Number of protein chains: 2
Amino acid sequence: MFLPKKIFQFVKILQTTTVEMTPVVDSTKDIHEPVVLDEIDRRLLEVLKSDGRISNAALAEAAGIAPSTAHVRLRSLQDRGVVTGFLTSIDQRSLGLGLQAIVGVTLRPGARQESIVRFSEEVRNLPQVLQVFFLGGTDDFIVHIAVADSSAIREFVVEHLSAQPSVASTRTSVVFDYHRNGVAASFQ
Amino acid sequence: MFLPKKIFQFVKILQTTTVEMTPVVDSTKDIHEPVVLDEIDRRLLEVLKSDGRISNAALAEAAGIAPSTAHVRLRSLQDRGVVTGFLTSIDQRSLGLGLQAIVGVTLRPGARQESIVRFSEEVRNLPQVLQVFFLGGTDDFIVHIAVADSSAIREFVVEHLSAQPSVASTRTSVVFDYHRNGVAASFQ
DNA sequence: GGTGAAAACCACTTACT
DNA sequence: AGTAAGTGGTTTTCACC
């Protein structure tokens with residue numbers, strides 16, 4: 001050994017330290033640390049929930065704080081993952097999609113996990129699809145779609161759902177009325 | 001605005017258990033005049049759909065038009081009812097609502113219309129409720145809720161759904177995963 | 001309907017408490 | 001963590017094409 005014993009030990013400590021720190025940093029990505037929201041945060045969210053395009057000045061006034069504070073607060077909410085995006089509510093009829101439906105899908109028990117994953121990813125990226133809920137219960141997932149007419153519903157179900165080997169059955173219900181109170185973030 | 005008229009029509013359809021969609025479209029009162037969207041409108045909507053807080057300047061550039069034009073266009077889309085609002089997507093866990101569920105509700109055939117109307121209006125304004133779909137099919141409507149834990153699901157179902165005399169049965173499914181492509185406007 | 005220019009307005013940073 | 005002030009940029013109007 002060319003290094004004195006003391007230095008060798010020191011290096012060892014450094015190596016140990018490095019090895020210990022790395023997993024801690026990595027795991028923080030997955031572990032959801034609890035977000036603490038105070039009264040002002042909640043007031044900001046309450047306003048933003050239904051008016052995502054409000055100006056910072058108006059938002060500040062609604063929450064009773066200075067505009068600069070509101071600005072910092074909102075960015076903090078985004079950084080902490082509380083606010084995950086700003087969306088525009090669009091009347092589907094205007095897009096020529098005057099009919100909405102809920103399709104419940106039951107998968108075959110024997111379906112391979114990989115094919116289910118690939119299938120669900122395909123489904124949720126189809127243009128007709130507004131939302132997909134993956135469930136534990138009777139249905140394995142339900143799909144909320146907007147289409148032009150009833151034949152387009154049938155077309156969607158036959159082409160993209162029933163045709164899949166993983167799918168055991170589907171159950172379609174026409175949406176007669178729809179009401180939304182808030183927008184939940186997609187699961188990460 | 002809760003538009004009792006529409007609900008009444010919906011209830012009527014349910015009671016006759018005939019899946020007819022024609023009566024739902026109100027042909028007597030406000031006929032929905034067709035909205036014509038050109039290519040620029042569609043480009044604006046495509047951008048706004050997933051970024052409701054984009055600056056007017058950036059929106060204009062994305063659509064290849066002048067900021068002043070984009071401004072007029074967007075206001076026109078709002079005036080014509082194509083864009084019905086700007087919303088903020090909020091992570092429900094941050095609000096202490098770490099569990100989501102879908103509850104399918106079947107109504108008793110003999111339930112009186114008035115009680116059903118009052119009931120549905122109550123349900124859709126509950127704080128736990130994210131969305132309500134009124135359906136023609138097995139379930140009469142389904143409710144998407146976000147709550148703190150599984151006991152809160154049970155509490156919600158028992159207190160606000162099962163307790164109602166109009167309700168014949170409920171079917172609850174826990175949401176394991178959720179994906180949203182766009183936000184549809186609540187039916188008017 | 002689309003645009004450029006001007007005025008009003010706002011976002012965002014900095015310095016300070 | 002909150003605020004006030006400043007500046008650089010943006011929204012919004014309007015006359016004109």
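Worth saying up front: this structure is predicted, and the values here are computed from it rather than measured.
Per the geometry, CD1 belonging to B:I65 stands 15 Å off C1' belonging to C:dG4, to the nearest Å. Rounded to an integer number of Å, the gap from CG of A:L74 to P of D:dG2 is 14 Å. A:L44 has its CG atom 14 Å from the P atom of D:dA1, to the nearest Å. For A:D79 and C:dC12, the CG to P distance is 13 Å, given to the nearest whole Å.
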In residues 47-64 of chain B, what donor-acceptor pairs under 3.5 Å come from side-chain atoms, sequence neighbours left out?
unit_1	atom_1	unit_2	atom_2	d
B:D51	OD1	B:R53	N	3.4
B:D51	OD1	B:I54	N	3.3
B:R53	NH1	A:G52	O	2.7
B:R53	NH1	A:I54	O	2.9
B:R53	NH2	A:I54	O	3.1
B:S55	OG	B:A58	N	3.1
B:N56	OD1	B:H71	N	3.3
B:N56	ND2	B:P67	O	2.9

Validation: residues 167-176 of chain B side-chain donor-acceptor distances under 3.5 Å, sequence neighbours left out:
unit_1	atom_1	unit_2	atom_2	d
B:S169	OG	B:T106	OG1	3.4
B:R171	NH2	B:D139	OD1	3.3
B:R171	NH2	B:D139	OD2	2.9

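Heavy atoms from other residues, nucleotides or ligands lying under 6.0 Å from CZ of B:R154 number 12 at most.
In this structure, A:V72 has no side-chain contact (heavy atoms from CB on, under 4.5 Å) partners at least two apart in sequence or on a different chain.
The salt bridge (Lys or Arg N to Asp or Glu O under 4.0 Å) pairs that include a residue from residues 159-170 of chain A number zero, where partners must be two or more places apart or lie in different chains.
For B:R73, the side-chain atoms get nearest to C:dG2 when compared with the rest of C:dG4, D:dA1, C:dG2.
B:P165 and B:R108 make their closest contact through O-NE, 2.9 Å (heavy atoms, listed as atom of the first residue, atom of the second, distance).
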Write down the protein N/O and nucleotide N/O pairs, taken from nucleotides 11-14 of chain D, whose separation is under 3.5 Å; answer none if there are no such pairs.
unit_1	atom_1	unit_2	atom_2	d
D:dT11	OP1	B:N56	N	2.3
D:dT11	OP1	B:A57	N	3.4
D:dT11	OP2	B:A57	N	2.9
D:dT12	OP2	B:H71	NE2	2.6
D:dT12	O5'	B:H71	NE2	3.0
D:dT13	OP2	B:R75	NH1	3.0

Which pairs, protein N/O on one side and nucleotides 15-17 of chain C N/O on the other, fall under 3.5 Å?
none

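Between A:F187 and B:Y178, the angle of the ring planes goes over 60°, which puts this pair in the perpendicular group of the 30/60° scheme. Between B:F119 and B:F141, the ring planes lie tilted relative to each other; the angle falls in the 30° to 60° range.
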